[in-house]
Amino acid sequence: MGKKSRTDRIRRQTTGRYRYTRQRWCMLFAVIDAVGQAVFRMGNGLARFFLPGGHHRQAGDPKRILMVQLDHFGDAVITTAILSPLRRRYPNAAIEVLAGPWNREIFEAAPEVDRVFVSRNNRFARGRRLGWPLAVIWWGLWLRRRRYDLAIDVRGEFPLALILWLSGAKQRLGWNCGGGGFLLTHSPTYVPGRPEVQSRLALLAELGIRPQADASPWRPRFVPDAPASRTASQLWKSAVNDRDGEARRVVLHVGAGMSAKEWPVEHWRELLTRILAGGTSQVVLVGSASDRIIARHILGPHRWLEVADWTGQLSIPELAAVLEQADLFIGADSGPAHLAAAVGTRVVALFSGTNCVEQWKPAGPQVTVVRNAVECSPCHRTECPLPDHPCMHGLAPKDVFEAVCQCCPDRDRGPVRSSR
């Protein structure tokens with residue numbers, strides 16, 4: 001009974017119309033929405049009375065489109081699924097994106113995007129949260145001079161809906177599950193737990209954009225540019241065990257973005273030992289600059305000739321090119337896993353109990369999820385409150401290695417061999 005109550009306290013699930021897991025946030029935005037709807041209803045009534053005929057929307061396709069994506073790197077990769085169909089539907093429109101510093105390169109590399117603005121002070125910025133509400137107002141008013149016909153928020157939060165409204169866009173598309181639905185003109189029904197790519201496509205469906213039955217599935221895609229591909233090729237050629245180009249190329253993303261998703265260092269080291277036991281693999285470690293210390297702990301004091309540490313050295317396009325030229329990616333449920341799937345590389349994703357697998361599994365043709373199912377999932381936490389962190393500590397290296405062997409059985413470079 002005690003264990004069950006502990007699990008119930010840890011697990012967080014969304015309830016009702018809002019996607020928040022904390023009841024106080026649901027109550028707050030219920031009040032904000034009720035007041036906002038009343039005020040807007042009154043304002044619209046006065047406008048119709050004093051300005052008859054002046055409230056009609058302009059007809060025709062949009063000439064300038066704004067997309068707001070201030071959240072995480074992986075979310076931005078998912079959003080690439082809708083850029084191509086949006087461009088095909090509005091070939092003459094200028095598509096502009098308001099992004100964060102951590103995901104700007106995703107949109108700068110997208111051929112469908114004409115311009116990217118970068119908001120450095122927003123609620124997702126680590127260590128720079130002071131003053132972000134004022135930044136929301138500033139950006140909304142600054143973007144107003146761009147005269148957008150259509151603005152899209154793919155996340156669904158009140159501050160982002162406020163940016164859309166302040167921008168003056170004639171059509172404002174987003175979710176009403178995060179508060180601020182009264183600020184939008186178009187809002188489809190939000191379905192909790194639905195795959196994120198399908199949620200993005202539901203936004204397009206609100207605009208009448210739907211995939212054809214005989215067309216290839218719309219999914220995230222990223223194409224590295226030529227300079228990034230050349231850099232990646234040079235890096236792989238410089239790797240000790242891959243100079244002849246015959247070694248199996250395996251990329252390990254050793255970071256996670258949050259402690260709740262981190263796999264233990266000793267588990268990484270055991271998996272690395274198993275992969276290298278066959279003698280046919282070249283392994284590289286990737287991650288942000290802050291992941292360098294994790295990489296050092298994994299490698300320890302000994303020199304691994306078959307392992308290269310590239311943590312903190314790659315831009316996003318370069319990382320994408322490295323992944324595209326690799327045979328396999330292994331890493332946590334985070335941005336690089338989505339990027340690896342987007343370039344078409346095999347992915348073994350290590351899922352913690354933080355998120356719902358069905359909702360956040362990377363979208364790609366060759367994705368395998370490995371997890372240790374726990375009762376407290378999904379917890380939606382950045383840090384595990386349990387001292388034993390069962391979802392990640394209980395995810396055994398041998399289980400991950402078995403998934404590696406199963407997903408890479410028939411390559412020219414031969415199967416990854418088991419050390420058992």
Side-chain angles (χ1 to χ4, degrees), residues 19-20 29 32 36 62-87 89-90 93-110 112-125 128-129 131-188 190 196-197 199-204 206-207 209 220 335 338:
R19 65 178 183 81
Y20 300 110
F29 285 109
I32 290 175
K63 297 179 179 179
R64 195 181 297 274
I65 300 171
L66 169 67
M67 184 176 295
V68 179
Q69 180 96 58
L70 297 178
D71 52 359
H72 311 293
F73 168 29
D75 298 71
V77 176
I78 295 171
T79 296
T80 62
I82 66 173
L83 293 178
S84 181
L86 191 65
R87 168 58 71 202
R89 174 62 182 84
Y90 304 118
I95 299 178
E96 301 179 349
V97 177
L98 177 62
W102 41 84
N103 63 25
R104 65 179 296 176
E105 291 179 287
I106 294 294
F107 297 110
E108 288 172 343
E112 300 87 358
V113 175
D114 297 289
R115 189 166 183 178
V116 179
F117 303 105
V118 181
S119 171
R120 300 187 180 279
N121 191 3
N122 60 71
R123 85 169 191 85
F124 300 97
R128 299 189 61 181
R129 294 190 175 185
W132 71 261
L134 293 178
V136 166
I137 298 173
W138 186 90
W139 271 109
L141 295 177
W142 187 87
L143 291 168
R144 196 176 188 89
R145 61 184 180 179
R146 303 293 297 170
R147 298 183 180 276
Y148 293 107
D149 301 297
L150 169 64
I152 304 172
D153 164 31
V154 298
R155 181 176 176 85
E157 281 194 357
F158 177 78
L160 307 182
L162 183 59
I163 290 177
L164 266 57
W165 181 70
L166 290 173
S167 75
K170 300 177 180 64
Q171 298 182 72
R172 299 178 297 279
L173 171 63
W175 305 106
N176 63 7
C177 57
F182 60 92
L183 299 171
L184 306 172
T185 60
H186 298 72
S187 184
Y190 180 75
E196 284 296 305
V197 171
S199 290
R200 302 294 196 278
L201 299 184
L203 288 173
L204 291 189
E206 195 72 10
L207 299 173
I209 306 174
H338 291 278

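Worth saying up front: this structure is predicted, and the values here are computed from it rather than measured.
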Practice problem: Go through the side-chain N and O atoms of Q69 and D71 and say whether any donor and acceptor fall under 3.5 Å apart. | Solution: yes

Exercise. Locate the shortest heavy-atom distance separating R64 from E96; write the atom from each residue and the value.
Key: NH1-OE2, 2.9 Å

Quiz item: Looking only at heavy atoms, what is the nearest atom pair of P220 and A81, with distance?
Solution: N-CB, 3.6 Å

Quiz item: When you measure from the side chain of T185 to the backbone N and O of R172, does any donor-acceptor pair fall under 3.5 Å?
Solution: yes

Quiz item: Under a 4.5 Å cut-off applied to non-hydrogen side-chain atoms, are L162 and L183 in contact?
Solution: yes

Quiz item: Is the closest side-chain heavy-atom distance between Y148 and P62 below 4.5 Å?
Solution: no

Self-check item: G174 to P188 - nearest heavy-atom pair and separation
Solution: O-CD, 3.6 Å

Quiz prompt | Check: L207 and L150 side chains under 4.5 Å, non-hydrogen atoms | solution = yes

Quiz item: Does the side chain of V68 reach to within under 4.5 Å of the side chain of L70, using non-hydrogen atoms?
Solution: yes

Quiz prompt | Exercise: identify the closest heavy-atom pair between A161 and D153 | solution = N-OD2, 4.3 Å

Quiz item: Does the D114 side chain pair with the main chain of I95, one donor and one acceptor, at a distance under 3.5 Å?
Solution: yes

Exercise. May I ask you to decide if R144's main-chain N or O and R147's side chain share a donor-acceptor pair within less than 3.5 Å?
Key: no

Quiz item: Are F117 and V97 close enough that some pair of their side-chain heavy atoms sits under 4.5 Å apart?
Solution: no

Exercise. Calculate, to the nearest 0.5 Å, the distance between atoms CG and CD1 belonging to L86 and I152 respectively.
Key: 5.0 Å

Quiz item: With a 3.5 Å cut-off and no angle check, do the side chains of T79 and R200 form a donor-acceptor pair?
Solution: yes

Quiz item: Quick one: are M67 and I65 in side-chain contact, heavy atoms under 4.5 Å?
Solution: no

Practice problem: Given side-chain contact (heavy atoms from CB on, under 4.5 Å), test L166 with L143 step by step and report yes or no. | Solution: CA-CA 8 Å; L166 290 173; L143 291 168; over 6 Å; no

Quiz prompt | Closest heavy-atom pair and its distance - N176, S187 | solution = N-OG, 3.2 Å

Exercise. Classify the angle between the aromatic ring planes of W142 and W138 as parallel (below 30°), tilted (30 to 60°) or perpendicular (above 60°).
Key: parallel

Quiz item: Heavy-atom distance under 4.5 Å between the side chains of W165 and L184, does that happen here?
Solution: no

Exercise. State, yes or no, whether a side-chain contact exists between N122 and V136 at a heavy-atom distance under 4.5 Å.
Key: no

Exercise. Please work out whether the ring planes of H72 and F124 are parallel, tilted or perpendicular, with thresholds of 30° and 60°.
Key: perpendicular

Quiz prompt | R104 side-chain N/O to L98 backbone N/O, donor-acceptor pair under 3.5 Å | solution = no

Self-check item: K63 backbone acceptor or donor facing D149 side chain under 3.5 Å
Solution: yes

Quiz item: So Y190 and W175, ring-ring contact (aromatic ring centres under 6.0 Å, His included) or not? Walk me through it.
Solution: CA-CA 7 Å; Y190 180 75; W175 305 106; 5.5 Å; yes

Quiz prompt | Full working for side-chain contact (heavy atoms from CB on, under 4.5 Å) between R146 and L66 | solution = CA-CA 9 Å; R146 303 293 297 170; L66 169 67; over 6 Å; no

Quiz prompt | Nearest non-hydrogen partners of L201 and I82, listed with the distance | solution = CD2-CG2, 4.0 Å

Quiz item: For the atom pair CZ (R155) and CG (D75), what is the distance rounded to the nearest 0.5 Å?
Solution: 6.5 Å

